Amino acid sequence: MITITLPDKSQRHYESGVDGMAIAQSISPRLAKEVLAISVNGETWDLTRPITEDAEIKLFKWEDREGQVTFWHSSAHLMAEAIEFFYPGTKFGIGPTVDTGFYYDIDLPEGKQLTEKDLEKIEAKIIELSRLKNDIVRSSVSKADALKMFKEKGDELKLELISELEDGTISLYNQGNFTDLCRGPHLPNTEYIKAVKLTSIAGAYWRGNEKNKMLTRIYGVTFPKQKMLEEYLVLVEEAKKRDHRKIGKEMELFTFSQKVGQGLPMWLPKGTMLRLQLEDFLKRVQKKFGYEQVMTPHIGDVNLYKTSGHYAKYGADSFQVIKTPVEGEEYMLKPMNCPHHCELYAFKPRSYKDLPIRMAEFGTVYRYEQSGELHGLTRVRGFTQDDAHLFCRPDQIKDEFKKVIDIIFIIFKALNFENYSAQISLRDPNKPEKYIGSAENWDKAERAIIEASAEKGLKTVTVLGEAAFYGPKLDFMIKDALGRSWQLGTIQVDYNLPERFELEYIGADDKRHRPVMIHRAPFGSMERFVAVLIEHTAGKFPLWLTPEQVVVLPISEKYNDYAQSISDFLNNCDIRSLIDDRNEKIGRKIRDNELKRIPYLLIVGEKEAENQTVSVRRQGHGDVGSMSWNGFAELINNEVKEQLSSFNN
RNA sequence: GCCUUCUUAGCUCAGUGGUAGAGCAGCUCACUCGUAAUGAGCAGGUCGCGGGUUCAACUCCCGUGGAAGGCUCCA
């Protein structure tokens with residue numbers, strides 16, 4: 001007999017060799033129906049794998065990430081089996097799970113190619129195979145046997161994988177006619193997989209290395225119920241509707257032109273209005289936190305970036321050097337603002353009493369992103385950072401860092417980003433060559449971030465190897481209305497640039513000291529941030545931010561003058577308003593302006609003109625009654641004030 | 001940069017080896033209108049660009065620009 005301990009610490013006794021499925025069955029038949037995998041002493045196992053020792057276990061269902069991972073992992077195998085059916089001789093690389101679903105990298109037989117059209121027949125085959133209810137059976141094999149087996153199959157991708165594994169740790173999984181090298185765990189049989197959608201097909205380098213062969217990657221997602229697939233597809237549709245590229249065009253926020261160049265977004269008047277609202281808001285917040293705005297040019301001497309280290313590290317990812325025509329001096333389009341700001345700091349001698357000095361700039365930078373990387377506003381070649389550099393004494397770092405976190409929270413609040421997470425990115429201790437600066441300074445910087453985050457009560461995850469080359473950072477991720485994660489603001493502690501630029505201040509001891517820099521950008525880039533905001537709100541921006549807050553709709557041309565005087569009045573009250581004086585019926589004007597996502601529509605005709613009122617429609621709520629001009633202006637101003645209540649000045 | 005797919009009117013999209021079509025938007029006219037599309041008419045495209053095959057290319061082939069989804073990268 002062995003003793004099994006459940007997560008609630010209760011204990012049950014079973015014959016040695018009992019498996020997860022039997023345990024679930026003994027607890028409740030319903031649980032047995034839903035369970036997908038089991039954790040045995042912290043390791044996820046197949047439900048059918050015998051347990052021979054006392055163990056702490058946990059059963060995983062679809063709702064658990066481990067359950068989904070097991071489900072999708074088995075799905076990848078099932079897809080592979082279907083592919084092998086249609087394309088015998090296909091070599092299989094790796095088939096892992098992703099956030100939603102799985103993929104498999106395959107190498108099709110010579111001359112064969114897959115297109116989107118082939119996916120349907122593979123989907124059908126997967127469901128057909130699923131219905132066979134083949135058991136998925138695990139077996140341990142020796143390295144020699146595994147090598148022999150895949151050699152016979154001619155699958156050199158698997159051979160390469162096996163050759164890197166330790167003998168004695170190799171397991172195979174078989175279902176029907178398909179056997180795959182795999183660590184597992186897997187579902188008990190294929191029938192669990194009820195619904196499948198193969199989502200896309202793409203090229204992917206073998207093992208992610210661009211020197212290797214390009215394999216075919218097929219992405220898919222599966223579910224235990226058809227209904228879940230349908231819900232998933234609805235979500236995908238919704239994401240498409242919210243695509244910032246689509247909405248940006250519809251709402252006339254920004255555009256690209258082939259003639260201007262790829263990856264170079266241009267802001268149309270409405271997008272510019274939106275962006276200016278964001279910038280003005282941040283400027284006001286920063287002013288309150290003691291920042292000073294500065295401005296620097298778009299280019300800088302190459303030596304500036306050689307000094308900063310950017311040239312050595314990112315020279316290849318920058319635009320080519322610009323030479324002056326006569327003297328042959330070399331300049332670069334600036335890829336970062338920090339070197340310029342360092343020179344502003346060095347403008348005059350600084351005293352310890354001057355610190356911290358906080359320089360903020362909406363600085364436009366240019367980076368050469370590979371053409372395949374460009375994506376809407378989220379990945380571009382010219383963008384504006386809401387950048388600032390805080391130069392402080394070592395004893396001020398933690399406080400300054402905490403104040404930056406406060407600013408980020410004010411912003412999240414004003415924009416209704418309620419779900420966020422934070423990641424501390426530290427250096428990879430095994431790859432010192434990736435970073436500049438002394439280990440001692442890195443230790444100090446990393447400690448400052450960890451402590452400040454802890455003191456702010458931030459829940460953080462820590463990732464090694466994700467730091468910038470000059471210092472560790474704290475990044476904020478938000479979850480949007482569809483549950484998707486986006487990386488936004490970043491805060492970085494840097495001991496290195498001050499050293500490279502030989503920045504100093506005179507201390508109370510009358511000696512020269514080196515300041516520490518904090519780089520920070522709460523929005524990250526204005527372009528990317530606006531993209532996220534569009535997708536989060538589906539273009540229905542908060543009232544304070546939206547480019548057009550009110551449109552006045554005269555019932556007929558007879559009331560255009562009255563409408564115009566209301567619009568003028570509102571604009572005088574700092575409310576952004578327009579009139580729709582097209583010769584259209586009121587129903588049409590309402591429809592068009594609703595589709596343009598205008599928050600407030602004012603309908604005015606004979607009644608309103610007579611009583612000096614406006615009839616108000618709120619986006620999404622319809623007619624909300626009539627009121628006086630002043631009453632409406634107050635309504636708008638109060639709503640804006642409420643939205644910005646995280647920051648009142 | 002690499003793989004795959006796409007590129008036709010301002011937008012969304014049909015279409016065929018025999019020199020292009022719809023809806024919406026635009027313009028004109030009529031209606032002067034009460035809470036999500038009034039009607040009629042007009043105009044609008046060297047089918048991304050450059051070559052080639054062909055009697056004939058928007059269509060087939062090659063090259064190239066751009067976009068989308070991946071891969072690699074992201075200070």
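Note that the structure is predicted; figures quoted are calculated from it, not measured. Per chain, numbering begins at 1; letters A, B, ... match sequence-line order.
- One finds no side-chain N or O of A:Lys585 lying less than 4.0 angstrom from the OP1 or OP2 phosphate oxygen of B:U32.
- Using bins of under 30°, 30° to 60° and over 60° for the plane-to-plane angle, the ring pair A:Phe256/A:Phe254 lands in the perpendicular bin.
- With distances taken from any side-chain atom of A:Glu606 to the nucleotides B:C33, B:G34, B:C73, the minimum falls on B:G34.
- Taking every side-chain heavy atom of A:Asn583 into account, B:A30 is the closest of B:C2, B:A30, B:C74.
- Legend: residues meeting side chain to side chain contact (heavy atoms under 4.5 Å, CB included) with A:Ala448, ordered by chain and number and at least two apart, are A:Ile397.
- Contact annotation: A:Ser371 side-chain N/O to B:G1 OP1/OP2 distance is under 4.0 Å.
- RNA chain B is contacted by no residue of residues 300-308 of chain A, taking any non-hydrogen atom closer than 4.0 Å.
- An OP1 or OP2 oxygen of B:U72 is reached within less than 4.0 angstrom by no side-chain nitrogen or oxygen of A:Arg217.
- Contact check on A:Arg582 versus A:Asp592 returns a salt bridge, with a Lys/Arg side-chain nitrogen under 4.0 Å from an Asp/Glu carboxylate oxygen.
- Of all nucleotides listed (B:U32, B:A75, B:A36), B:A36 comes nearest to the side chain of A:Leu595.
- A donor N or O paired with an acceptor N or O is not found under 3.5 Å between the base of B:U4 and the side-chain atoms of A:Thr216.
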**Prompt:** Could you write out RNA chain B as a dot-bracket string, with dots for unpaired bases, | for bases paired across to another strand, and Watson-Crick or G-U pairs counted at under 3.5 Å?
**Reply:** (((((((..((((....[..)))).(((((.......))))).....(((((..]....))))))))))))....
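- You'll find that the side chain of A:Tyr368 is closest to B:G1, out of B:G1, B:U35, B:U32.
- Of the residues in residues 372-388 of chain A, A:Gly372, A:Glu373, A:Leu374, A:His375, A:Gly376, A:Arg379 come within less than 4.0 Å of RNA chain B through at least one heavy atom, sorted by number.
- Residues passing the side chain to side chain contact (heavy atoms under 4.5 Å, CB included) test with A:Ile450 are A:Ile424, A:Leu426, sequence neighbours excluded.
- Between B:A43 and B:G23, the distance separating the two P atoms is 15 Å to the nearest Å.
- For A:Glu446, the side chain to side chain donor-acceptor pair (under 3.5 Å) test picks out A:Arg427, with sequence neighbours left out.
- Residue pairs meeting the side chain to side chain donor-acceptor pair (under 3.5 Å) criterion with at least one member in residues 311-320 of chain A: none, sequence neighbours excluded.
- Judged by atom type and distance alone, A:Asp592 does not reach the base of B:C24 through any side-chain donor-acceptor pair under 3.5 Å.
- Distance noted for atom C1' between B:A14 and B:A9: 13 Å (whole Å).
- Comparing B:C58 with B:C47, their C1' atoms sit 5 Å apart, to the nearest whole Å.
- Side-chain proximity of A:Gln370 to B:G69, B:G1, B:U38: nearest is B:G1.
- Looking at the side chain of A:Tyr219, the nearest of the listed nucleotides B:A36, B:C71, B:U38 is B:C71.
- Ionic pairing of A:Lys213 and A:Glu156 is not present here: no N-O contact between side-chain nitrogen and carboxylate oxygen is shorter than 4.0 angstrom.
- Checked against side chain to side chain contact (heavy atoms under 4.5 Å, CB included), A:Glu164 has the following partners two or more places apart in sequence or in another chain: A:Glu160, A:Arg207.
- Take A:His298 and apply the ring pair (Phe, Tyr, Trp, His ring centres under 6.0 Å) test, not counting sequence neighbours, and it matches A:Tyr366.
- Side-chain N/O atoms of A:Arg245 include one lying less than 4.0 angstrom from OP1 or OP2 on B:A68.
- Across A:Glu252, A:Glu250, A:Glu548, a single residue satisfies salt bridge (charged side-chain N to carboxylate O under 4.0 Å, His left out) together with A:Arg597, and that is A:Glu250.
- Regarding contacts with the backbone of B:G66, a side-chain N or O of A:Gln262 is found under 4.0 angstrom from either OP1 or OP2.
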What does the list of N/O pairs under 3.5 Å between the protein and nucleotides 8-13 of chain B look like, with a distance for each?
residue	atom	partner	partner atom	Å
B:U12	OP1	A:Lys249	NZ	3.3

**Asked** Can you give one letter per nucleotide of nucleotides 42-49 of chain B, going 5' to 3': B for a protein heavy atom under 4.0 Å from the base, S for sugar-phosphate only, - for none?
**Response** --------
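- The gap from the C1' atom of B:U54 to that of B:G18 amounts to 12 Å, rounded to the nearest Å.
- Checked against side chain to side chain donor-acceptor pair (under 3.5 Å), A:Thr296 has the following partners two or more places apart in sequence or in another chain: A:Lys334, A:Glu361.
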